[in-house]
Enquirer: 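What follows is a structure written as structure tokens; I'll ask about it next.
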There are 2 protein chains.
Amino acid sequence: MCGCGNKGHTCECQGPRMERFIQPCMLLLLHEKPAHGYELMERLKEFGFEDGADPGLVYRNLRKMEESGWIESEWETEGAGPAKRLYKITAEGIDLLHDWSLHIERGIERLRNFQERYRQSFGKDN
Amino acid sequence: MCGCGNKGHTCECQGPRMERFIQPCMLLLLHEKPAHGYELMERLKEFGFEDGADPGLVYRNLRKMEESGWIESEWETEGAGPAKRLYKITAEGIDLLHDWSLHIERGIERLRNFQERYRQSFGKDN
DNA sequence: ATCATATATATGACAAAAACATATATAGAA
DNA sequence: TTCTATATATGTTTTTGTCATATATATGAT
């Protein structure tokens, strides 16, 4: 079901497709502290989403992740500006984050393996 | 245009979307030695495409990459079995492969950064 | 002989993900 | 009052990946 290749391990993060990297990043940010979407958009820069992630991607992912029970939210009407939805990670979300970390570890191995083979193919000795 | 974040560098590999990892893998395999699609499908296992890559993905990518001038092919009717299309990497393909390697290096950094932050967030000291 | 299997390429249909554009509303500053 | 920053949301399109299936050749087993 999971396909991540970690022996005896199944999880919900559905395989090694790195484009969904935004999902574990959001989970980790929400584990660090509860936040709303707009703030996450900014903070995602720290994970390599250069110009701040696309709003569509962020908000749609938030809703999807809430549906799945990995995060939960409540409206915050207090304070300046328009109402914001404050998201928190759930216990299930934390489990998923651990699963993702295993995936990502394998991802690193895959990429390093590529790089080594690349260097060999071009006769570079480091 | 490129968005890979390597300073003063533009290239054709269009940003940091790792799901296209199959592309640099095929380029590297073809740099190691000319091959046909079926063979690549098998050899891709060595890069983490667990059960051998999907034929649709492989063959469609081959045609696309040939259109782009990164690889070129000729029919091989000799030898056992049905006719096969033998692919070789071109000079442009080799350039692209170097570009990809830079991308992948950044990918590794991004993932390692994630892992470190993950460990910090859960108070793990290694 | 013919049947199953391995080799080999290809395409159609669909689903998922991301990119790009736009709509909306609030509040504060110029 | 107009502009900007904050904040959430959705519609459309393109790209990418998955799954299924069609095709053809050769070889080994029965």
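Residue numbers begin at 1 in each chain, while the letters A, B, ... track the order of the sequences.
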Enquirer: Assess whether atom CD of B:Glu32 is packed by more than 12 heavy atoms of other residues, nucleotides or ligands within 6.0 Å.
Expert: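 It does: B:Glu32 CD has more than 12 such atoms within range.
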Enquirer: Report yes if a side-chain nitrogen or oxygen of A:Tyr38 is closer than 4.0 Å to either non-bridging phosphate oxygen (OP1 or OP2) of D:dT6; otherwise report no.
Expert: yes
Enquirer: Counting side-chain heavy atoms from CB outward, which of C:dA17, C:dT9, D:dA7 is closest to B:Trp75?
Expert: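 For B:Trp75, the side-chain atoms sit closest to C:dT9.
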Enquirer: Output, in order, the C-alpha distance, side-chain angles, deciding distance and verdict of side-chain contact (heavy atoms from CB on, under 4.5 Å) for B:Glu116 and B:Arg112.
Expert: CA-CA 6 Å; B:Glu116 197 181 317; B:Arg112 280 156 67 95; over 6 Å; no
Enquirer: Quickly work out the A:Tyr59 OH to D:dG11 P distance and round it to whole Å.
Expert: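 Rounding to the nearest Å, OH of A:Tyr59 and P of D:dG11 are 17 Å apart.
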Enquirer: Nearest whole Å is fine: how far is C:dA17 P from A:Asn61 CG?
Expert: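 Interatomic distance, CG of A:Asn61 to P of C:dA17: 9 Å.
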Enquirer: Starting at atom CZ of B:Arg85, determine the distance to atom P of D:dT25, rounded to an integer number of angstrom.
Expert: 16 Å
Enquirer: Please state how far atom NZ in A:Lys84 lies from atom P in D:dA5, giving the value in whole angstrom units.
Expert: 16 Å
Enquirer: Could you pull out all residues at least two apart from A:Lys33 that satisfy side-chain contact (heavy atoms from CB on, under 4.5 Å)?
Expert: A:Glu39, A:Arg43
Enquirer: Within this structure, what is the CZ-to-P distance between B:Arg63 and D:dT16, rounded to whole angstrom?
Expert: 17 Å
Enquirer: To the nearest Å, how far apart are B:Leu44 CG and D:dT18 C1'?
Expert: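 It is 16 Å, rounded to the nearest whole Å.
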Enquirer: Which residues pass the side-chain contact (heavy atoms from CB on, under 4.5 Å) test with B:Pro34, sequence neighbours left out?
Expert: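 Residues passing side-chain contact (heavy atoms from CB on, under 4.5 Å) with B:Pro34: B:Leu86, B:Lys88.
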Enquirer: Does anything in residues 80-99 of chain B form a ring pair (Phe, Tyr, Trp, His ring centres under 6.0 Å)? List the pairs, not counting sequence neighbours.
Expert: A:Tyr118-B:His98, A:Phe122-B:His98
Enquirer: Distance-only criterion, 3.5 Å: show the donor-acceptor pairs between side-chain atoms of residues 78-85 of chain A and protein atoms not counting sequence neighbours.
Expert:
residue	atom	partner	partner atom	Å
A:Arg85	NH1	A:Ser73	OG	3.3

Enquirer: Atom CZ of B:Arg43 to atom P of C:dA8: distance rounded to whole Å?
Expert: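 It works out to 13 Å between those atoms.
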Enquirer: Let's see if you can work this out: which of D:dT8, C:dA17, D:dT16 has an atom nearest to the side-chain heavy atoms of B:Lys64?
Expert: D:dT16
Enquirer: Provide, to the nearest angstrom, the distance between the CD atom belonging to A:Gln23 and the P atom belonging to C:dA16.
Expert: 14 Å
Enquirer: Cut-off 3.5 Å, no hydrogens considered: what does the side-chain donor-acceptor table look like for residues 56-65 of chain B, sequence neighbours left out?
Expert:
residue	atom	partner	partner atom	Å
B:Tyr59	OH	B:Tyr38	N	3.3
B:Asn61	ND2	B:Leu57	O	3.0

Enquirer: Using a 4.0 Å cut-off on protein heavy atoms (strictly under), produce a 5'-to-3' string for nucleotides 20-30 of chain C with B for base contact, S for backbone-only sugar-phosphate contact, and - for none.
Expert: B-----BS---
